[in-house]
Amino acid sequence: MDKKNEKSEAKGKGGNKPPQSDKPSQSDKPEGFLQVERIPNFNLLPKSIKRRVYALKRLQLQSANIEAKFYEEVHELERKYAGLYQPMFDKRREIVTGAVEPTDEECEWQSDKEEDELAADLQKKAALEEKQADSASAVDPKGIPDFWLTIFKHVDMLGEMLQEHDEPILKHLQDITVKFSEPGQPMSFTLEFHFEPNSFFSNSVLTKVYKMKSEPDAEDPFSFEGPEIVDCEGCKIDWQKGKDVTVKIVKKKQKHKGRGTIRTVSKEIPQDSFFNFFSPVKSSPDGMDEDLDFTLAADFETGHFFRERVIPRAVLYFTGEALEDDDSFEEEDLEEGEEEDLDEEGEEEDEGDIDPTKDPPPAECKQQ
């Protein structure tokens, strides 16, 4: 997410702030007056002025609490309108999976002046090539093949999570949907990844729940800018035997100390995969180290991105049109002099690794 719009997108929609660790109280004053000493030379102000500042801060705290209630109602409004969007998302899924074929009227679309700008001879050439391509294809593909996998590859944030061994599985991804918490329940949203039957796992739906809160932080109430994601929960993936792409099997030779015989054993070790997304790290009540803090923040941002961008605008990410907007934000950041240092780390491949997406390993290497 671009830095320029991070604040505005987080408000009312679930930000990407990591959970806050417990902090010692800075003062015996009421919560609304905490950290007032941040003001330069505040203690040098006359007592009468300090009292009035405290009164203003109390009003500010009341305003923050009202704002929190406002965003709770916004969440309910989002839930209501999600029901209005759903029929269109259902139709999108039917077209993508090939369950229905859209009518000619539904397929009418005027390109953005592309056809008008083509010369007549180029139009004829394009039509001829299109006709030849259609005749060369013996079988008309069903729906829109690799729709969601293509989106993953187009979006940098998702592409960084995607590994080569994930791609055969994501070819079976039929839809991604979002569900909001019911009225009266704690604020949250659930991402649902719908898969057709496949040889990798038995789940038909993989879920990721993002829990949110809409209330000022007790230790820093004036930092409140709307609901924020505070925790997330994944789901158990019922992998078929030898198909778990979140681990790799490494063969090692062991020599018996007494007899001197050598045997080959196999060991599972974790490996990068998009499907680690469904096994998120958990925050610690004792606080987090910097790496864990970064991982959680990235996870929250990814969930927010799925909900706010990818799901409602999927076709535009498939065609690449939505990427132009994202690129324009990045260019603005560069113009403002904001730079980021990217560290690239190489990865070493272990000899003897077994790819779960290919044929199962020999009997001695199969995991029970």
Side-chain angles (χ1 to χ4, degrees), residues 1-20 67-68 70-82 85-86 89 148 151-152 154-162 173 175-181 185-193 206-215 217 223-235 274-283 288 292-318 322-323 325-330 332-333 340:
M1 182 186 304
D2 56 277
K3 297 179 181 177
K4 189 171 185 178
N5 286 344
E6 183 174 0
K7 178 177 176 180
S8 61
E9 292 211 5
K11 296 191 72 174
K13 300 181 180 179
N16 56 0
K17 299 178 184 177
Q20 299 295 318
E67 186 180 11
F70 164 77
Y71 283 121
E72 288 179 2
E73 293 194 24
V74 169
H75 183 73
E76 291 302 312
L77 194 62
E78 285 184 307
R79 188 182 62 81
K80 171 187 174 182
Y81 274 85
Y85 289 128
Q86 196 56 48
F89 292 156
W148 291 101
I151 293 173
F152 272 66
H154 282 174
V155 179
D156 288 342
M157 179 185 294
L158 305 182
E160 291 173 357
M161 304 167 63
L162 184 66
L173 180 59
D175 200 12
I176 307 176
T177 60
V178 59
K179 284 189 176 181
F180 296 92
S181 52
Q185 297 295 318
M187 188 182 294
S188 68
F189 67 91
T190 303
L191 300 177
E192 297 184 343
F193 295 73
L206 301 181
T207 60
K208 183 76 169 286
V209 180
Y210 285 91
K211 300 178 181 180
M212 304 165 64
K213 74 171 184 178
S214 180
E215 60 184 31
D217 189 278
S223 66
F224 180 73
E225 295 182 344
E228 61 177 326
I229 299 173
V230 294
D231 195 13
C232 58
E233 292 182 0
C235 67
F274 165 73
F275 292 91
N276 289 322
F277 179 71
F278 300 98
S279 300
V281 297
K282 305 298 292 183
S283 60
M288 302 176 295
L292 182 58
D293 182 55
F294 176 81
T295 300
L296 277 172
D299 192 335
F300 295 169
E301 184 175 357
T302 301
H304 177 71
F305 191 80
F306 268 119
R307 169 191 167 181
E308 291 298 319
R309 300 281 192 91
V310 175
I311 293 175
R313 308 179 71 198
V315 66
L316 301 182
Y317 281 101
F318 177 81
L323 302 175
D325 294 337
D326 296 341
D327 291 342
S328 66
F329 288 132
E330 292 175 2
E332 289 180 6
D333 285 343
E340 294 182 1

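Residue numbers start at 1 and run along the sequence shown.
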Phe294: side chain to side chain contact (heavy atoms under 4.5 Å, CB included) partners, not counting sequence neighbours
none
Results of ring-ring contact (aromatic ring centres under 6.0 Å, His included) for Phe318 - residues two or more places apart only:
Phe147
Asp217 side chain reached by Phe224 side chain, heavy atoms, under 4.5 Å
no
Between Phe180 and Phe189, what is the ring plane arrangement, given parallel below 30°, perpendicular above 60°, and tilted in between?
tilted
Within a radius of less than 6.0 Å around CD of Glu76, do more than 12 heavy atoms belonging to other residues, nucleotides or ligands occur?
yes
Please lay out, stage by stage, how Val230 and Phe300 fare under the test side chain to side chain contact (heavy atoms under 4.5 Å, CB included).
CA-CA 8 Å; Val230 294; Phe300 295 169; 5.9 Å; no
Counting N and O atoms only, with roles assigned by atom type, does the side chain of Lys208 sit under 3.5 Å from a partner on the main chain of Phe277, one being a donor and the other an acceptor?
yes
Starting at CG of Leu296, measure out to CD1 of Ile229 and round the result to the nearest 0.5 Å.
11.0 Å
Separation between OH (Tyr71) and CD (Glu78), nearest 0.5 Å, reads 11.0 Å
Give me the ring orientation class for Tyr85 and Tyr81: parallel if the planes are under 30° apart, tilted from 30 to 60°, perpendicular past 60°.
tilted
Rounded at 0.5 Å granularity, tell me how far CZ in Arg309 sits from NE2 in His304.
7.5 Å
Aromatic ring centroids of Tyr210 and Phe306 under 6.0 Å?
no
Looking at NE2 of His75 and CG of Leu77, how far apart are the two atoms once the value is rounded to the nearest 0.5 Å?
11.0 Å
With Thr207, which residues qualify under side chain to side chain contact (heavy atoms under 4.5 Å, CB included), at least two apart?
Thr190, Glu192, Val205, Cys235
Evaluate side chain to side chain contact (heavy atoms under 4.5 Å, CB included) for Glu72 paired with Glu215, printing each intermediate quantity in order.
CA-CA 9 Å; Glu72 288 179 2; Glu215 60 184 31; 6.0 Å; no
Roughly how far, to the nearest 0.5 Å, is the CZ atom of Arg79 from the CE atom of Met187?
11.5 Å
What residue among Ser188, Ser181, Pro227 forms side-chain contact (heavy atoms from CB on, under 4.5 Å) with Met212?
Pro227
When every non-hydrogen atom of Asp175 is compared with those of Leu173, the smallest separation belongs to O-CD1, 3.5 Å
Starting at CZ of Phe193, measure out to CH2 of Trp148 and round the result to the nearest 0.5 Å.
9.0 Å
Given the rule in the side chain to side chain contact (heavy atoms under 4.5 Å, CB included) test, do Thr302 and Leu158 qualify, once you have shown the distances and angles that lead to the verdict?
CA-CA 8 Å; Thr302 301; Leu158 305 182; 4.2 Å; yes
